Visitor: 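Take this structure, written in structure tokens, and hold onto it; I'll ask about it next.
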Amino acid sequence: MSDPRTELAAAGARLAALGLSPGSSGNLSVRIDDRVLITPTGADLAEVDPDGLSVLALDGTHLDGPRPSKEFPLHGAFYRRDDATRAVVHLHARNATAVSCLPPWSARSAVPPLTPYFVMRVGQTPLVPYAPPGDADQAEALALLPFPLRAALLQNHGPVLAGPTMARAVDAAVELEEVSALLLSLGERSPRLLTPAEADALARTYDSPWGEH
């Protein structure tokens, strides 16, 4: 079994190499039983020290390590939503952040079903109204959204994604950035979207949160 600390550091290096975590932006966490390991405040994801992670209880109590990222409430919201969540990725990736500054496609997803891979790997991604970074009320609003999701766009801020493994959460983050770039490149055009039936079939096959699933 892989070491969660090492896996988290490797994920940070991958995201940084892809240009999805500029400077010291972004934060990653993994859940181990009743504890959460999260990158410290101001961490450069390209150089995460596996032995230098912050350790928190699920309620956010700081247990060990350096001062944790102030974005922990967002991570905690996903861990509270679904006990199967074992990793959360929060980024300021350029294209997804740009989409977070635009009107959402629908109440349940800021991003429309442009590609099958977005529906399969990410699923509906609601736009959460703006709040300052680390705002506890915003995190609570995310935790209480009354429909299934594993990703969200924070208005004028960026994406946050969850997964049953760090690898799944990172793959979803990469896919969201790609579909966001595609959406922006289409501009004012009216592209063909997957039909509701097509998106529903993908959601059922790949157990992805879309619509009522």
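Since this is a predicted model, take the numbers as computed values, not measurements. Note that the numbering runs from 1 along the sequence shown for the chain.
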Visitor: Is L45 reachable from M166 through a run of I, L, V, M, F, W or Y residues, each pair having side-chain heavy atoms under 4.5 Å apart?
Guide: yes
Visitor: Strictly below 4.0 Å, N to O, side chains only: are K70 and D135 in salt-bridge contact?
Guide: no
Visitor: Can you find a pair of side-chain heavy atoms, one from L154 and one from L74, that are under 4.5 Å apart?
Guide: yes
Visitor: Please report the interatomic distance CG(L194) to OG1(T115), rounded to the nearest 0.5 Å.
Guide: 7.0 Å
Visitor: Using a 3.5 Å distance criterion without hydrogens, assess whether the side chain of T61 forms a donor-acceptor pair with backbone atoms of A57.
Guide: no
Visitor: Are any non-hydrogen side-chain atoms of L102 and L184 less than 4.5 angstrom apart?
Guide: yes
Visitor: Donor-acceptor pair, distance only, cut-off 3.5 Å: does the side chain of T85 make one with the backbone of P164?
Guide: no
Visitor: Among side-chain atoms of E177 and N95, is any donor-acceptor pair under 3.5 angstrom?
Guide: yes
Visitor: Is R150 reaching over with its side chain to a backbone N or O of G123, donor-acceptor style, under 3.5 angstrom?
Guide: no
Visitor: Answer yes or no: does atom CZ of R5 have more than 12 heavy-atom neighbours from other residues, nucleotides or ligands under 6.0 Å?
Guide: yes
Visitor: Quick check for you: to the nearest 0.5 Å, what is the distance between H90 atom NE2 and S69 atom OG?
Guide: 7.0 Å
Visitor: Report yes if the side chains of L114 and L193 come closer than 4.5 Å at any heavy-atom pair, otherwise no.
Guide: yes
Visitor: List the steps and the verdict of side chain to side chain contact (heavy atoms under 4.5 Å, CB included) for V48 and L53.
Guide: CA-CA 8 Å; V48 174; L53 300 173; 3.7 Å; yes
Visitor: Kindly check if the number of other-residue, nucleotide or ligand heavy atoms within 6.0 Å of OH (Y117) is above 12?
Guide: no
Visitor: Between D171 and R14, does any NZ, NE, NH1 or NH2 come within less than 4.0 Å of an OD or OE carboxylate oxygen?
Guide: yes
Visitor: Is there a chain of hydrophobic side chains (I, L, V, M, F, W, Y, each step under 4.5 Å between heavy atoms) that links L18 to L91?
Guide: yes
Visitor: Using the rule given for side chain to side chain contact (heavy atoms under 4.5 Å, CB included), can you reason through V89 versus L15, listing the C-alpha separation, both sets of side-chain angles and the distance that settles it, and then say yes or no?
Guide: CA-CA 10 Å; V89 172; L15 290 165; 4.0 Å; yes
Visitor: Going through the checks in order, is the salt bridge (Lys or Arg N to Asp or Glu O under 4.0 Å) test met by R86 and E7?
Guide: CA-CA 12 Å; R86 287 294 178 272; E7 187 179 13; over 6 Å; no
Visitor: Does a side-chain N-to-carboxylate-O contact under 4.0 Å join R121 and E178?
Guide: no
Visitor: Ring-plane angle category for H75 and F72, please: parallel below 30°, perpendicular beyond 60°, tilted otherwise.
Guide: parallel
Visitor: Checking the side chain of Q124 only, and the main-chain atoms of P148 only, is there a donor and an acceptor separated by less than 3.5 Å?
Guide: yes
Visitor: Can you tell me if R204 uses its side chain to pair, donor with acceptor, with the backbone of A201 under 3.5 Å?
Guide: no
Visitor: Of the non-hydrogen atoms in A172 and V122, which two are nearest, and what is the gap between them?
Guide: O-CG2, 3.5 Å
Visitor: Output yes when a side-chain donor or acceptor of S21 lies under 3.5 Å from a complementary backbone atom of S25, and no otherwise.
Guide: yes
Visitor: Can you see which heavy atom on V119 is nearest to which on A203, and at what distance?
Guide: CG1-N, 4.3 Å
Visitor: Can you confirm whether P113 sits close enough to W210 that some side-chain heavy atom of one is under 4.5 Å from a side-chain heavy atom of the other?
Guide: yes
Visitor: State yes or no: do F78 and I38 share one hydrophobic cluster built from I, L, V, M, F, W and Y residues joined by side-chain heavy-atom distances below 4.5 Å, directly or via other members?
Guide: yes
Visitor: Do L149 and V174 sit in one hydrophobic cluster, given that two such residues count as connected whenever their side-chain heavy atoms are within less than 4.5 Å of each other, even indirectly?
Guide: no
Visitor: What heavy-atom pair brings P73 and A139 nearest, and what distance separates the two atoms?
Guide: O-CB, 3.3 Å
Visitor: Do we see a donor-acceptor contact under 3.5 Å between the side chains of Y130 and S100?
Guide: no
Visitor: Return yes if some donor-acceptor pair links the side-chain N/O of S109 with the main-chain N/O of T125 below 3.5 Å, else return no.
Guide: yes
Visitor: Any link between V88 and V170 through a network of hydrophobic side chains (Ile, Leu, Val, Met, Phe, Trp, Tyr) touching at under 4.5 Å?
Guide: no
Visitor: I'd like to check L145 versus P126 (side-chain heavy atoms, cut-off strictly below 4.5 Å). Are they in contact?
Guide: yes
Visitor: Can you tell me how far the CG atom of L127 sits from the CD atom of Q155, to the nearest 0.5 Å?
Guide: 4.5 Å
Visitor: Just by modelled atom types, is the A96 backbone N or O under 3.5 Å from a matching donor or acceptor in the R94 side chain?
Guide: no
Visitor: Any side-chain to backbone donor/acceptor pair from R81 onto L142? Under 3.5 Å, distance only.
Guide: yes
Visitor: Would you call R80 and E140 a salt bridge, taking side-chain N to carboxylate O under 4.0 Å as the test?
Guide: yes
Visitor: May I ask you to test the T97-H157 pair for a side-chain heavy-atom distance under 4.5 Å?
Guide: no
Visitor: Using only atom types and a distance under 3.5 Å, with no angle test, would you say the side chain of T39 pairs donor to acceptor with the backbone of L28?
Guide: yes
Visitor: Specify the closest pair of heavy atoms between Y79 and A87, including all atoms of both residues, with the distance to one decimal.
Guide: OH-CA, 3.6 Å
Visitor: Is there a side chain to side chain contact (heavy atoms under 4.5 Å, CB included) between R31 and D33? Walk through the geometry before answering.
Guide: CA-CA 6 Å; R31 177 179 174 180; D33 299 324; over 6 Å; no
Visitor: Between S54 and P40, what is the shortest heavy-atom contact and its length?
Guide: OG-CA, 3.8 Å
Visitor: Would you check, one step at a time, whether the test side chain to side chain contact (heavy atoms under 4.5 Å, CB included) holds for V36 with V30?
Guide: CA-CA 6 Å; V36 177; V30 292; over 6 Å; no
Visitor: With a 4.5 Å limit on heavy-atom distance, are the side chains of L183 and P112 in contact?
Guide: yes
Visitor: If I compare all heavy atoms of S24 with all of G42, which pair ends up nearest, and what's the gap?
Guide: CB-O, 3.3 Å
